[in-house]
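Worksheet for the structure shown next.
Numbering of residues begins at 1 and proceeds along the displayed sequence.
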Amino acid sequence: MVVTAERRERLLTSPWWRGIAAVVVGALPALAFPEPSLWWLAGVALVPWLLLLRSATTARRAALDGWLGGAGFLLAVHHWLLPSLHVFILVLAGLLGSLWVPWGVLTRRLLGGTPGPGRVAAALVVLPAGWLLAELVRSWEYLGGPWGLLGASQWQVPAALRVASVGGVWLVGFLLVALNTALAALVSAPRARMAAVAGVAACSAVVAGVWAWAPVPRPAGSVRIAVVQPGVIEGPARRFDREEQLTRQLAGRGVDLVVWGESSVGEDLGDRPDLRDRLAALSRAVGADLLVNVDARRSDRPGIFKSSVLVGPQGPTGDRYDKMRLVPFGEYVPARSLLGWATSVGKAATEDRRRGTGPVVMRLPGGDGLRVGPLVCFESAFPDMSRQLARDGAQVLVAQSATSTFQHSWAPQQHASLAALRAAETWRPVVHATLTGVSAVAGPRGRTVGEWLGTDRSAFAVHDVPLARGTSPYVRYGDWTVYGSVGILIVFCAAEGVRLSRLRAARRREVRKPVR
């Protein structure tokens, strides 16, 4: 069917069609993430959304298209939460999608109409900064955390991982939005095509420069770590039996550490000396410490905790890390007095888990014992947590996870892919151990070590994990990309304030001019 110019104009101005289009084009970047893993799509996926926003006839319409597109993006990236949250996921997407309202207005201001080179040049830095600000706000743990950051879609691209070592996932996301902005301007702004081409060239130059000159970690030997993945098994007792059976098969394999997934132990070891003794016996049989995860009501403190516990030949060593950042609704209900009704329509937590007080670096036995930094599930999505563990001296980061609720969705693959980013950012290998898959290991540069244990496996895997020396630029300098983006937005807003003030003054002078 041929779409005439008149029909196209009607579609672009129809509020209903524009709203549907905004949701659809906003959802496109989700295809760059696992499971589809069309990573290359991230370089162009925002272009349709940008073109829609620039065509808005008013700032209010651009704001609405930004909101609907943001909601579409979040729904697509988190669609696997639907069985747990039901209709509440629409409420969350609507609330968080509003964070893209300023981005929509900025896009219309800088790319709308017939922009010249100056406006396009400004768009190449202001729009990425605006996108990062939206991602930063939604990354607050109480708003859902940093799952699905645009830069995380590039976890398997070596050049992007090198960029992440310099500026974290934030710098990768900034460059992706800048590239999309340049391509959108190339298509829609004939007066500024040279500026758009320069934008594409600048993005390429930054990546090439980082690849050529950024420092890399120095090799520091290796450590042998086993991951135990029992698979989908109902009941904590039967799951423990399977984990015990798999772990016994590691005897004689020379492993230095055995890692079990999140909630691998369903009873507090202080209340269950029989489980404590079985774990100690396993440690003696294998010749290595076990890092297990206890999800239970504590015997020494009130409430339910999710805790990484190190167990040696004599039992628990005393090293324990209590999960600090909990999954909203999954492990606690925010403002339960107001939102407690969510437990009646989904799988929200009926009782809030308790939070730990700080990160912990555990040391294995021996004079030069390996220093391990544990994270629990959702926490591997937070760049600042792995960065802090690296600063505290951790040589290996271990993320213990359980995504069995979302076993047949994109969630297990998305979660496992984060290991590569956290490893590249910190120059520390990351062991991602799960109950039911996907379990994975990434080396200090973010490259996959060995094979992933998929969601169809009940098995163990032994990995010779490479270690590294040195401090990555991201660990050293932190979120400088975020701070720079905030600075860009402040300067732009100040410049806009001056421009509007001068425009109003000129209009007043025009009104006061005598008529001849």
Side-chain angles (χ1 to χ4, degrees), residues 5 8-9 11-13 15 17-18 21-22 25-26 28-29 42-70 73 99-134 150 173-206 484-507:
R8 184 167 59 247
E9 184 65 23
L11 291 175
L12 286 174
T13 55
W17 281 111
R18 282 191 68 96
V25 297
L28 282 178
V44 298
L46 295 180
V47 172
W49 192 4
L50 289 163
L51 295 178
L52 181 71
L53 292 169
R54 73 170 294 276
S55 70
T57 54
T58 65
R60 179 178 294 182
R61 183 68 238 188
L64 180 58
D65 291 341
W67 177 33
L68 293 173
F73 172 68
L99 296 173
W100 275 267
V101 165
W103 192 70
V105 175
L106 286 173
T107 300
R108 179 184 178 274
R109 166 70 185 90
L110 294 171
L111 295 182
T114 56
R119 271 207 283 161
V120 168
L124 291 171
V125 293
V126 173
L127 294 187
W131 180 278
L132 253 62
L133 186 63
L150 185 61
F174 187 99
L175 292 174
L176 284 174
V177 180
L179 176 59
N180 276 271
T181 302
L183 293 176
L186 194 61
V187 172
S188 63
R191 290 179 53 220
R193 280 182 178 153
M194 288 302 296
V197 170
V200 174
C203 292
S204 302
V206 169
S485 295
V486 172
I488 288 170
L489 292 173
I490 290 173
V491 170
F492 176 77
C493 290
E496 281 292 282
V498 171
R499 183 184 70 84
L500 292 174
S501 177
R502 289 176 177 174
L503 184 60
R504 285 193 294 268
R507 287 175 178 171

State whether the side chain of Arg108 and the backbone N or O of Ala62 hold a donor-acceptor pair below 3.5 Å, judged by distance alone.
-> no
Which value, rounded to the nearest 0.5 Å, describes the distance between Thr107 atom OG1 and Trp49 atom CH2?
-> 8.5 Å
Over all atoms of both residues, closest heavy-atom pair of Leu111 and Ala123 = CD2-CB, 3.9 Å
With sequence neighbours left out, write down each residue that passes side chain to side chain contact (heavy atoms under 4.5 Å, CB included) with Pro190, or none if nothing qualifies.
-> Arg193
Minimum heavy-atom separation for Gly199 to Leu124, with atom names?
-> CA-CD1, 3.7 Å
For Pro102, what residues pass the side chain to side chain contact (heavy atoms under 4.5 Å, CB included) criterion, not counting sequence neighbours?
-> none
Where do Ser55 and Arg18 come nearest, in terms of heavy atoms and distance?
-> OG-NH1, 3.0 Å
Mind checking side chain to side chain contact (heavy atoms under 4.5 Å, CB included) for Ala506 and listing every partner two or more places apart, or none if nothing turns up?
-> Arg509
Which side-chain N or O atoms in residues 485-492 pair as donor and acceptor under 3.5 Å with protein atoms at least two apart or in another chain?
| from | atom 1 | to | atom 2 | distance (Å) |
| --- | --- | --- | --- | --- |
| Ser485 | OG | Thr481 | O | 2.9 |

Shortest non-hydrogen contact from Ala189 to Pro115?
-> CB-CG, 3.7 Å
Who pairs with Ala63 by side chain to side chain contact (heavy atoms under 4.5 Å, CB included), at least two apart in sequence or on another chain?
-> Val101, Val105
Salt bridge (Lys or Arg N to Asp or Glu O under 4.0 Å) contacts in which one or both residues fall within residues 112-122, not counting sequence neighbours | none
Could you list the residues that satisfy side-chain hydrogen bond (donor to acceptor under 3.5 Å, both in side chains) with Trp103, not counting sequence neighbours?
-> none
Mind jotting down which residue pairs meet the side-chain hydrogen bond (donor to acceptor under 3.5 Å, both in side chains) criterion with at least one end in residues 490-501? Sequence neighbours excluded, please.
-> Arg109-Glu496, Glu496-Arg499
For residues 42-63, pull every pair meeting salt bridge (Lys or Arg N to Asp or Glu O under 4.0 Å), keeping only residues two or more places apart or in separate chains.
-> Arg61-Asp65
Which atom pairs, donor and acceptor, lie under 3.5 Å between side-chain atoms of residues 173-186 and protein residues at least two apart or in another chain?
| from | atom 1 | to | atom 2 | distance (Å) |
| --- | --- | --- | --- | --- |
| Asn180 | OD1 | Val44 | N | 3.4 |
| Asn180 | OD1 | Ala45 | N | 3.3 |
| Asn180 | OD1 | Leu46 | N | 2.9 |
| Asn180 | OD1 | Val47 | N | 3.4 |
| Asn180 | ND2 | Ala42 | O | 2.9 |
| Asn180 | ND2 | Gly43 | O | 3.3 |
| Asn180 | ND2 | Leu176 | O | 2.8 |
| Thr181 | OG1 | Val177 | O | 2.8 |

Give, for atom CG of Leu110 and atom CG of Leu53, the distance between the pair rounded to the nearest 0.5 Å.
-> 11.5 Å
